[in-house]
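Heads up, the thing below is written out as structure tokens.
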Amino acid sequence: MYGNADRRSLRAAETVVNKRSQGGKSWRISYSPQKLENGVLRKVSKIPSPVRQRLNMKEGKVLRRPLGVSNLANVSPSRYSSSRSIDSTTGRLTLLDFEIGKKLGKGKFGKVYCVRHKKSGFVCALKAIEKNEILQFNLLKQLKREVDIQLGMDHPNITRLYGHFQDEKRVYLVMELSIYGELYKSLRSSGPFNDVLASNYIYQIADALEYMHKKRIIHRDIKPENILIGFDNKVKLADFGWSILNPQGSKRKTLCGTIDYLSPEMIKPREYDEKVDVWALGVLTYELVVGVPPFEENSKEMTYKRILKCDINFPSSVSKDAQDLITKLLMTDSSERISLTAAKTHPWILKNKPFW
């Protein structure tokens with residue numbers, strides 16, 4: 001979520017999916033958004049950008065009311081050449097209000113830094129995105145959608161986005177800092193996880209997803225790279241670039257996400273709803289206790305075949321209770337998948353919960 005410098009983009013004609021490379025990273029294949037090149041819109045890979053929330057800092061506390069928030073609609077060619085003055089003394093934020101610390105990550109369209117708000121001492125993450133890249137790759141609509149979705153969410157297992165501001169060259173996104181970074185990196189260095197730790201993480205993500213689904217929001221890109229770790233094994237869902245508001249009774253059709261985490265109804269393709277996130281939670285559970293996704297193959301086609309057949313192989317190291325929950329999450333028929341509420345009270349969760 002903070003960005004990976006070695007992540008590279010690929011293009012495909014009609015799909016928007018990710019493929020993990022041999023090193024385990026994600027490859028995003030996309031035809032949206034579009035880049036203006038020689039007067040022609042060319043299809044290019046979609047690059048995730050973080051989502052934001054309003055910020056107010058007073059006496060070292062973060063309050064959930066607007067302060068220092070500039071309008072993203074002002075990121076336009078006419079605005080690009082002239083700076084919009086934001087004076088912190090009148091409640092507006094500028095880059096001068098922060099002390100810039102360690103670089104946390106680098107994506108294709110932005111760098112993320114650990115920063116400290118000078119007046120309050122509040123430590124957070126700041127992502128800087130070049131305006132010319134937002135315009136060049138037609139990212140403004142995507143950026144605004146992420147903001148709209150994230151502003152309405154408040155949950156302990158969802159990364160808080162405190163605000164955004166801009167100067168003549170960049171848009172700055174003020175985000176909650178998760179000190180230990182991506183779950184993906186922890187899984188690669190210390191995984192697979194034991195049942196106690198894995199069940200703790202899965203419970204927290206299930207709770208966050210249940211909260212989102214009650215608000216009619218589908219995440220559509222659950223994976224270890226989009227989960228951040230804070231203190232006391234607190235995990236937080238991040239990167240809402242593919243999230244969408246899905247009114248009750250509606251179905252979606254867009255194929256998007258990460259290949260290893262795609263559900264059967266996305267691949268066929270069929271209309272789908274929030275239960276694609278339930279499937280992804282099953283894939284995540286398997287990856288946490290095994291170390292690799294359950295359907296991983298050398299080619300996209302082979303991965304798709306295994307997903308459609310729900311071809312799962314459990315190593316002997318996976319407990320029976322974990323196998324049972326994974327099997328109930330990974331049902332080919334979405335209507336037969338276990339609910340998130342039931343998943344949170346599954347025996348695998350309850351048995352390990354006293355040791356969290």
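Model, not experiment: these values are computed from the prediction.
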Is there a donor-acceptor pair closer than 3.5 Å between any side-chain N or O of [X] and the backbone N or O of [Y]?
X: His346; Y: Lys328; result: no
X: Trp279; Y: Ser334; result: no
X: Ser199; Y: Val196; result: yes
X: Thr345; Y: Ala342; result: yes

[X] to [Y] - nearest heavy-atom pair and separation:
X: Tyr113; Y: Gly101; answer: CD2-O, 3.9 Å
X: Thr159; Y: Ala238; answer: OG1-CB, 3.6 Å
X: Gly291; Y: Pro192; answer: N-CB, 3.7 Å
X: Leu262; Y: Cys256; answer: CD2-O, 3.3 Å
X: Ala125; Y: Val115; answer: C-CG2, 4.4 Å

Using a 4.5 Å cut-off on heavy atoms from C-beta on, say whether the side chain of [Y] contacts that of [X].
X: Phe193; Y: Val289; value: no
X: Phe240; Y: Met153; value: yes
X: Ile227; Y: Asp239; value: no
X: Leu126; Y: Val112; value: no
X: Ser178; Y: Ile229; value: no
X: Lys215; Y: Met212; value: no
X: His219; Y: Leu209; value: yes
X: Ile218; Y: Asp277; value: yes

Please tell me whether [X] and [Y] have a donor and an acceptor in their side chains that are separated by less than 3.5 angstrom.
X: Thr258; Y: Lys223; value: yes
X: Ser243; Y: Glu146; value: no
X: His117; Y: Asp97; value: no
X: Thr254; Y: Trp242; value: no
X: Asn200; Y: Asn233; value: no
X: Tyr261; Y: Glu287; value: yes
X: Lys234; Y: Gln204; value: no
X: Arg220; Y: Tyr272; value: yes

Same apolar cluster: [X] and [Y], side chain cutoff 4.5 Å:
X: Ile179; Y: Val235; answer: yes
X: Met302; Y: Ile259; answer: no
X: Leu350; Y: Leu325; answer: no
X: Ile244; Y: Ile217; answer: yes
X: Met331; Y: Ile222; answer: no

Value rounded to 0.5 Å, distance of [atom1] in [X] from [atom2] in [Y]:
X: Ile307; Y: Thr332; atom1: CD1; atom2: OG1; answer: 10.5 Å
X: Thr94; Y: Arg92; atom1: OG1; atom2: CZ; answer: 12.0 Å
X: Asp154; Y: Ile158; atom1: CG; atom2: CD1; answer: 8.5 Å
X: Leu197; Y: Trp356; atom1: CG; atom2: CH2; answer: 10.5 Å
X: Ile349; Y: Tyr203; atom1: CD1; atom2: OH; answer: 8.5 Å
X: Cys124; Y: Arg160; atom1: SG; atom2: CZ; answer: 11.5 Å

Parallel, tilted or perpendicular: rings of [Y] and [X] (30°, 60°):
X: Tyr211; Y: His155; result: tilted
X: Phe165; Y: Tyr172; result: parallel
X: Phe314; Y: Tyr286; result: tilted

Salt bridge between [X] and [Y], side-chain N to carboxylate O under 4.0 Å?
X: Lys118; Y: Glu99; result: no
X: Asp321; Y: Lys351; result: yes
X: Arg306; Y: Glu296; result: no
X: Glu176; Y: Lys236; result: yes
X: Asp148; Y: Lys144; result: no
X: Lys344; Y: Asp207; result: yes

**Prompt:** Are Ile205 and Asn157 close enough, and set up right, to give a side chain to side chain contact (heavy atoms under 4.5 Å, CB included), and what steps lead you there?
**Reply:** CA-CA 7 Å; Ile205 297 304; Asn157 299 116; 5.6 Å; no
Could you work out, with salt bridge (Lys or Arg N to Asp or Glu O under 4.0 Å) as the rule, every residue matching [X], not counting sequence neighbours?
X: Lys275; result: none
X: Lys268; result: none
X: Glu265; result: Arg337

**Asked** Between Leu281, Leu329, Leu330, which is the residue that forms a side chain to side chain contact (heavy atoms under 4.5 Å, CB included) with Ile338?
**Response**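 When Leu281, Leu329, Leu330 are each tested with Ile338, the side chain to side chain contact (heavy atoms under 4.5 Å, CB included) holds only for Leu329.
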**Residue pair Val174, His164: steps toward the side chain to side chain contact (heavy atoms under 4.5 Å, CB included) verdict** = CA-CA 6 Å; Val174 188; His164 55 82; over 6 Å; no
**Message:** Working note: Phe98 + Ile100, criterion side chain to side chain contact (heavy atoms under 4.5 Å, CB included); need CA distance, chi angles, decisive distance, verdict.
**Reply:** CA-CA 6 Å; Phe98 297 91; Ile100 310 299; 4.3 Å; yes
**Item:** Non-neighbouring partners of Asn352 that pass side-chain hydrogen bond (donor to acceptor under 3.5 Å, both in side chains), sequence neighbours left out
**Value:**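 Listed in chain order: nothing, the list is empty.
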**Request:** For Ser319, enumerate each residue passing the side-chain hydrogen bond (donor to acceptor under 3.5 Å, both in side chains) test, keeping only those at least two apart in sequence or located in another chain.
**Result:**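 Applying side-chain hydrogen bond (donor to acceptor under 3.5 Å, both in side chains) to Ser319 gives Asp195.
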Less than 3.5 Å apart, which donor and acceptor atoms pair up between the side chains of residues 245-252 and the rest of the protein, not counting sequence neighbours?
from: Asn246; atom 1: ND2; to: Ser250; atom 2: O; distance (Å): 3.2
from: Ser250; atom 1: OG; to: Pro247; atom 2: O; distance (Å): 3.2
from: Lys251; atom 1: NZ; to: Asp273; atom 2: OD2; distance (Å): 3.2

